[in-house]
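What follows is a set of notes on a single structure, which appears directly below.
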Amino acid sequence: MDYQFKDIEQKWQQFWADNQTFKAEDKSAKPKYYVLDMFPYPSGAGLHVGHPLGYIASDIFARYKRLKGFNVLHPMGYDSFGLPAEQYAIQTGQHPAVTTEANIATYRRQLDQIGFSFDWSREVRTSSPDYYKWTQWIFMQLFNSWYNKDADKAVSITKLIEHFEQNGSAGINAVCDDDTSTFTADEWKALSNPAQQNELLKYRLTYLRESTVNWCAALGTVLANDEVKDGFSERGGYPVEQKKMMQWSMRITAYAERLLQGLDTIDWPEPLKEMQRNWIGKSTGASVKFPLENQVPIAIGTRITSQDYIEVFTTRVDTIFGVTFLVIAPEHELVAELTTPEQKAEIEAYIAQTKKKSELDRMADAKTVSGAFTGSYVINPLNNERVPIWIADYVLAGYGTGAVMAVPSGDQRDYLFAKHFNLPIIQILDAQQMETEADPTKEGKYVNSDFANGLAYKEATAAIIAKLESLNLGKAKINFRMRDAIFGRQRYWGEPVPVYFKDGLPHLITEQELPLLLPEIDKYLPTETGEPPLGRAEDWNYKPSAAPSKSPPVGETSPAHEAGNYRETADPVYYEQLKDYSRSNRSQPTEAENILWQFLRKEQTGYKFRRQHAIDQYIADFVSLEKGLVVELDGHHHKLIKEADDARTETLNHFGFKVIRFTNDEVMRSPQHVFEQIKEKLELLPERDKSHFTGDQKVSPTGGDLEGADEYEYELSTMPGWAGSSWYWYRYMDAQNDKEFASKEAIAYWKDVDLYIGGSEHATGHLLYSRFWNKFLKDLDLVVEEEPFKKLINQGMIQGRSNFVYRLIDEEGRGTNTFVSHGLIKDHNVSPIHVDVNIVENEILNLNKFKEWRPEFSEAEFVLENGKYVCGVEVEKMSKRYYNVVNPDDLCQRYGADTLRMYEMFLGPLEQSKPWNTNGIEGVFKFLRKFWRLFHNDAWEFKVTDAEPTKAELKALHKIIRKVEEDIERFSFNTSVSSFMIAINELTDLKCNNKQVLQDLVVVLSSYAPHICEELWTLLGNPAGTLSYAPYPKFNPSYLVEDEFAYPISINGKTKMNLSISLSLEPKAIEELVLANADVQRYLDGKQPKKVIVVKGRIVNMVV
RNA sequence: GCCCGGAUGGCGAAAUUGGUAAACGUUGCGGUCUCAGAAGCCGUUGAGAAUUGUCUCUUGAGAGUUCGAGUCUCUCUUCGGGCACCA
């Protein structure tokens, strides 16, 4: 049979799915290897040919590693929360979950047809409650942690509280918003609870704070710095402005140094590391406090400032004697206080002017000098000079302290500012040249610098810092450019933040209440009062100890709680024994039950409890009807823990009961703690209406669930897109676990990602946040590696070829309905518009299809050249928004997945960006047919021989065995495709149909073209499905040993001829042979070479 | 402005430690097969001379190191990416 790729590919894809061929083992004697792709956002556009590039490379690698005897984890999933689905929902009213589901189905179909060896049993979706439960859980751990700088790691917040209670703030070296606030233990204890909570928020690794954020009005949300490019939103390209807002942030800055240091330990592309280094932006310098000149009366009254100094950060503290003015950002908090009445008008005008400027204007105006004098002065701490305080927008509020000491002799911006406003310029180094511009060099000796005079840079810096430290007015300091990451988004389609508000302060819900489900809302828009979409949800308030009434919790009631109890304090064997014990003694009360019963009797709690009380179909362990509280003791009445508990809880909630659960173990270990929890719960719950129950009658449904109970508002922001992707590689290790985000055993085995392939566009987003969360999880001993991705490869972007039409613009700057052909656009005022490449052929626009393409163009008119509309062309990112997408479906239909896989690799080096061009794909298809033909005779009948392979056949085979091995190890997939072609050409020329040779070749090629190889593998008589785990053929160098080598003979470095000489000869003998050769003599033309260079096995060069 | 990464035939590219530049594929051209087309197959395809076994030039430009440079060094041009009043 001819090469029937369609049948073959369908057959094997089915086979792999049916047999779970690529399911990774959780325990294995084989070494582990984790190959990960950056999981896709399932967009409505589906996959284009650029997406699978990295997946194909990683799949080849994963398949190769299986052949090499590794237990390979190669999973796939979906980053399924995000803006596009929500934007679509706003337009259509379609629930994002529905669109997302549909898009995932498309992605899955498209991925399946390419024949990837993914272990689909581990699929994750960030928008699934089973998954985001753990994203929320990690958020809670961050909320409950602070960064201890002494231990250089994150530590539980309870440790901090303990410390405050015992020692106050003394002795705490923490990453904190405001390390100037100090208090004693007594002061701490005297604080009200809200005040304490407020203080703790300054330490928590995720916190709520008023901060300056990037606000995108068009998207209705704040954005992180990495989501803003040049003042516009990365997604959608809408303008972004700065705004002060109460926002959730992640204290990633606590990890700045570790994130920087870690880069040296990982095998990542250098440019990517450089980007992260830039983003982190470490600079070493000093902070200096400049005391304010006076706080005494100026004109009318007394000015009281909140500080008596201004703190600046500088990398050139050595230039402090050259300071002639201080500049603070217009947004600086002291501006108002520092402004004197005379200067008030000027300052206010300046602030108004800068406020109007957008981020973009500000960057464009970078060269214009502007500023205003506040009227106030500080004192230079080292020479007591009066230093005027100015404001100017070249100083950024967000960096350092928002204030700089200006040294016009050494800093160009300060220089320009001084020249413009006629401020003095003081030379501070004898070698300084500053007639026309500032001289930032550090050469020479200091002058005009008091005690630093005559010193060189290094000594001067040290001396000045020492002096400042002795005055308590400065110290060496390291500053980072990186800011804390804004974590809230005012959008619907994201993880709800597991937080409610009480007394205006955020509180976590309990772990038992996870996941906090996304509520249903009527439309996906902000509320009339400007609250995020979640503000529309009805009856979506936190009721203590209750799950949201509309959404019963999914998963176990208290997984983390239980996991904590048993895994940390009792060994698993004991836990199992305990369970067995309670099962076998089901009918008798356990000791724990008796202890609990003692406590629950009315004398102790103040309420009447009933034991073994029937509610609907269930017998509850202990029930208080007045309070509507059920106390359950686990490990006694059921064996199917999860399902049974879920169903029970749901039903009991439905009947108006709250459920609190304990295990036997808990009661036995710390009964007091258990009792306290029950008491607390009883206090919180309101008395129920007596009409709901009478005596011992069966309880009827209550309807108005917990009417009158305390209700608290949930946080209305959701988490940003990067939340779910910051830990997903751990979920793949143990994707079904409902007790933990992944089990300790799974994490201990798989550890980290050995090879991660994805785009460099995630350099300062996903990849930085993931490293941050990973380090945090490591600090909590939840994971084992400090860095999550050992080796990373950036696949290049497959660019598209975009086509453009040019819309005529009228005098008022509005677009018309007329389109001008590309050759004529110089004569017209036009604006280019992307046009679908599928309605353009050879750059000629199909006019009718264009009119049908979009309703707005149905009446379009054209200015043609030579009767045709010629489109413009540009290479840019392949994206739906540019209408230049080529999709893999058509190519799979036409050539098959094996061809597509190999062609994508053949295009060029994996890491290089390149525009997509389908032209060459025929060559790869021909190659596979040629490969197929090796196994068949002219009548397309399968035919191979069992004869001994010839030397030439073995040589061709072993060349490719070695080559592919080398190429894959260095991720040079394009060159192996070439080499395969060479090998097949050679074997075709040799008319090779030798079974032994071809079988090895099938194994070698199988990671690239798995379908055709599986088919041939079984045709060769091997059992189906064994190819994926067959051993990679062993390379035997002896087949490649040559007796002779055709030495290139060159004269003065120019090759003249080749001469075959035995490889056994030494350079001396080779030289003699070469000189004796008649042709060589002809080239030498009778001259005697001055020098002869012989490199054995390489070259002979003669100098004449 | 600063920091990375590139530049090789018509096109995608190869050359792994300094050692025969352009492998492999594609496009174009010519041929074969065929009623014809498709699919095969064969030849040819860096440039320029010469015209049967030749010669010269050629890796963005220029210099340098070397017996020998696409590869190493310096200067420049240019394209792509990142950062950017960052104190």
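Every value quoted in this text rests on a predicted model; they were computed, and no experiment measured them. Lettering follows sequence order; numbering is per chain, from 1.
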* To do: Classify the glycosidic conformation of G9(B) as syn or anti, calling it syn when the angle lies within 90° of 0.
  => syn
* Tell me what Arg933(A) touches on the nucleic acid: a base, only sugar-phosphate, or nothing, going by heavy atoms under 4.0 Å. => sugar-phosphate
* Checking all strands, does Lys963(A) fall into the base, sugar-phosphate, or nothing category for heavy-atom contacts under 4.0 angstrom? -> base
Kindly write out the residues that satisfy side chain to side chain contact (heavy atoms under 4.5 Å, CB included) with [X], not counting sequence neighbours, or none if the list is empty.
{"X": "Gln433(A)", "result": "Glu435(A), Asp439(A)"}
{"X": "Glu1066(A)", "result": "Lys1096(A)"}
{"X": "Glu941(A)", "result": "Asn937(A), Ala939(A)"}
{"X": "Asp938(A)", "result": "none"}

* Using a cut-off of strictly less than 4.0 Å between a heavy atom of the residue and any atom of RNA chain B, enumerate the qualifying residues of residues 971-985 of chain A by number. => Asn974(A), Thr975(A), Ser978(A), Met981(A), Ile982(A), Asn985(A)
* Using a heavy-atom distance cut-off of less than 4.0 Å, which residues of residues 277-287 of chain A contact RNA chain B? -> Ser283(A)
Those residues that, when tested against [X], pass ring-ring contact (aromatic ring centres under 6.0 Å, His included) (two or more places apart):
{"X": "His936(A)", "result": "Trp932(A), Phe942(A)"}
{"X": "Phe980(A)", "result": "Tyr1008(A)"}
{"X": "Phe313(A)", "result": "none"}

* **Those residues that, when tested against Glu986(A), pass side-chain hydrogen bond (donor to acceptor under 3.5 Å, both in side chains) (two or more places apart)** => Lys959(A)
* Structure fact -> The Watson-Crick or G-U wobble partner of C72(B), with both key distances under 3.5 Å, is G64(B)
Are there any protein N/O atoms within less than 3.5 Å of an N/O atom in nucleotides 44-51 of chain B, and if so, which ones and at what distance?
none

* Structure fact -> Ranking Ala1046(A) and Phe313(A) by the position along RNA chain B of their nearest nucleotide, the one closer to 5' is Ala1046(A)
* Structure fact -> Of Lys1056(A) and Asp411(A), the one whose nearest nucleotide on RNA chain B sits closer to the 5' end is Lys1056(A)
* Can you tell me, in whole Å, how much space there is between the P of A21(B) and that of G70(B)? => 8 Å
Taking only N/O atoms, report every protein-nucleotides 67-72 of chain B pair under 3.5 Å with atom names and distance.
{"from": "C67(B)", "atom 1": "O2'", "to": "Asn1101(A)", "atom 2": "ND2", "distance (Å)": "3.2"}
{"from": "C67(B)", "atom 1": "O2", "to": "Asn1101(A)", "atom 2": "ND2", "distance (Å)": "2.6"}

